[in-house]
There are 2 protein chains.
Amino acid sequence: MTTARGKTAATNRLLARLPDPDRRRLLGKSIAVQLSATDVLYERGKRIREVYFPTGGSISLIATLHGHDKLQVGLVGDEGMLGTSLVLGVAIAPSLALVQDCGTAWQIDAAAFREELECSVALRSCLQRYVHVVMCQSAQTVACTRFHVVEARLARWLLMTRDRAHSDHFHSTHESLASILGVRRAGVTHAAGSLQHQQLIRYSRGDITVLDHHGLEACACACYVANQDTYARVMN
Amino acid sequence: MTTARGKTAATNRLLARLPDPDRRRLLGKSIAVQLSATDVLYERGKRIREVYFPTGGSISLIATLHGHDKLQVGLVGDEGMLGTSLVLGVAIAPSLALVQDCGTAWQIDAAAFREELECSVALRSCLQRYVHVVMCQSAQTVACTRFHVVEARLARWLLMTRDRAHSDHFHSTHESLASILGVRRAGVTHAAGSLQHQQLIRYSRGDITVLDHHGLEACACACYVANQDTYARVMN
DNA sequence: GGTTTTTCGTGGGGCACCGTACAGACCACG
DNA sequence: CGTGGTCTGTACGGTGCCCCACGAAAAACC
């Protein structure tokens, strides 16, 4: 309910878990960058040149099927990182990564990141655990996308984005939501209209406000809570 | 087309990539086990006690949604391994793993496996790459499950299982296929009937024979080839 | 201030698949 | 040889979403 505009010092939750020396050494090799909406950070199959630790905003991981259909397969904010492949020693991006909600991030050169991985046991351990979380969530998403109706999946997306925006207010049109959920634009209009009718959200021309996130949770599929649990269980 | 019943010395393709000394040391700590159909190797959320390197047969990774709906999210044979989580330092299984097609595997105690991971750079590198492959395939599966029709997904599954069985003949009822694909049993009957009508497969009471795998590939979604490409590209 | 662009609402016809149910065919077992 | 269990074929009404399309309203641009 709180809009959380307290502008807490921008941090990344993965980096926050590192011992001070390790984090400091990593940040020493990093630069703070601004991520603007629709920026393309990775393209599927292409080389990963930098990794990112978001400290605000969110990045969408998108799968494309032979050019036409698109679908979001992951959403990364300050709870995660971009470039998990490098943690596994592969410098190829598995999917398109584009900025959904503008924000900031720590950017590190791929080679420098690899060096740090070698040096820091804590970094390796932390990021490998995160990769595991991503794999679990990915499996969950397969089933979710198959079985759950658009309205529930939309509610889940709204909650996830809200968490990463640290705000009840963010931006996304029905059109882009359709591509995220892998449905028609009209399908989103219908589902969003229903949520608005239930007084759970309010939106107008791309401006979305979450009015009642508890109500939204009730509307969303259990995948939202399941993913949160996975993160908490594995990372602690 | 060849039934490949040549019973080539049972090997695991991941282990085959290791330098001789590393592989020998790992196998020294392993035992050969028989996997029987419907054996449960892992349960979601529970501790992983052993890892497996299949040398025959196939194991199904299954996501369950709040008890009811089931769906296969991965299929592992002699091209892969079970227990990828341990490669990431997590001893918790992300999904249910049960034997689909009986066969054999090398089994290694989790602790011993961890030791080997520490020792062998080649093992680490190889398995981390494999984890990356799994992540890519998982992303593909999300989109596939969302967009592709049952017949195409069934065809893909038949091809994948055929590859892992190293045979055009294997066993699975419409009922179990329904749970794998996340559709009704009647839906499988319909799709399988269509494939049989096209002379691509023949089946009877659970016995499935692939008659024309090139024709099946034409029927299957591009995800089959895409996953093969991913494996080849990343592992080489 | 008028025109274009973006965003959202809505409608009709169609398709893939669902839930359920029943019946025939084949196999195993006593 | 009969009986029961397993596996498969099929049918019917219903639903969620598709494709296509048109219209309205708000914002952006000149």
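Every chain is numbered from 1, with letters handed out A, B, ... down the list of sequences. Quick note: numbers below take in every heavy atom, side chains included, and nothing from hydrogens, waters or symmetry partners.
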Point to revise | A:Gly193 or B:Ala186, whichever maps to the more 5' nucleotide of DNA chain C | key: A:Gly193
Among the candidates [options], find the nucleotide nearest to the side-chain atoms of [X].
{"X": "B:Val149", "options": "D:dC17, D:dT8, C:dA16", "answer": "C:dA16"}
{"X": "B:Arg205", "options": "D:dC7, D:dC17, C:dC8", "answer": "D:dC7"}
{"X": "A:Arg146", "options": "D:dT8, C:dC17, C:dG9", "answer": "C:dC17"}

Whole Å only: how far is the [atom1] atom of [X] from the [atom2] atom of [N]?
{"X": "B:Leu154", "N": "D:dT8", "atom1": "CG", "atom2": "P", "value": "12 Å"}
{"X": "B:His174", "N": "C:dC26", "atom1": "NE2", "atom2": "P", "value": "14 Å"}
{"X": "B:Asp69", "N": "C:dC17", "atom1": "CG", "atom2": "P", "value": "16 Å"}
{"X": "A:His190", "N": "C:dG11", "atom1": "NE2", "atom2": "C1'", "value": "13 Å"}
{"X": "A:Tyr203", "N": "C:dT6", "atom1": "OH", "atom2": "P", "value": "20 Å"}
{"X": "B:Glu175", "N": "D:dT6", "atom1": "CD", "atom2": "C1'", "value": "10 Å"}
{"X": "B:Leu195", "N": "D:dT8", "atom1": "CG", "atom2": "P", "value": "14 Å"}
{"X": "A:His171", "N": "C:dT6", "atom1": "NE2", "atom2": "C1'", "value": "10 Å"}

Exercise for review: Could you tell me whether the side chain of B:Arg185 has a donor or acceptor atom within less than 3.5 Å of a complementary atom in the base of C:dG19?
Suggested key: no
Review point. Which is it for A:Thr209 and A:Ile201 under the side chain to side chain contact (heavy atoms under 4.5 Å, CB included) test, yes or no, and what are the steps along the way?
Key: CA-CA 6 Å; A:Thr209 307; A:Ile201 63 170; over 6 Å; no
Study note, to complete from the structure: Comparing A:Gly182 with B:Ser172, nearest DNA chain D nucleotide closer to 5' gives the residue B:Ser172
Exercise for review: Quick one: sort the B:Tyr42 and B:Tyr52 rings into parallel, tilted or perpendicular, breaks at 30° and 60°.
Suggested key: tilted
Check your understanding: Hey, is the side chain of B:Arg184 poking within less than 4.0 Å of OP1 or OP2 on C:dG19, counting only N and O atoms?
Key -> no
Point to revise | Working for side chain to side chain contact (heavy atoms under 4.5 Å, CB included), residues B:Val133 and B:Arg233 | key: CA-CA 9 Å; B:Val133 170; B:Arg233 185 155 27 84; over 6 Å; no
Practice item. Determine the contact category for B:Thr173: base if any of its heavy atoms lies under 4.0 Å from a base atom, sugar-phosphate if only primed atoms, P, OP1 or OP2 are that close, otherwise nothing. Key: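 Since only primed, P, OP1 and OP2 atoms lie under 4.0 Å of B:Thr173, the category is sugar-phosphate.
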Check your understanding: Are A:Asp168 and A:Arg162 close enough for a salt bridge, meaning some N to O gap below 4.0 Å?
Key -> yes
Check your understanding: At their closest point, which heavy atom of B:Val150 faces which heavy atom of B:Ala191, and how far apart are they?
Key -> CG1-CB, 3.9 Å
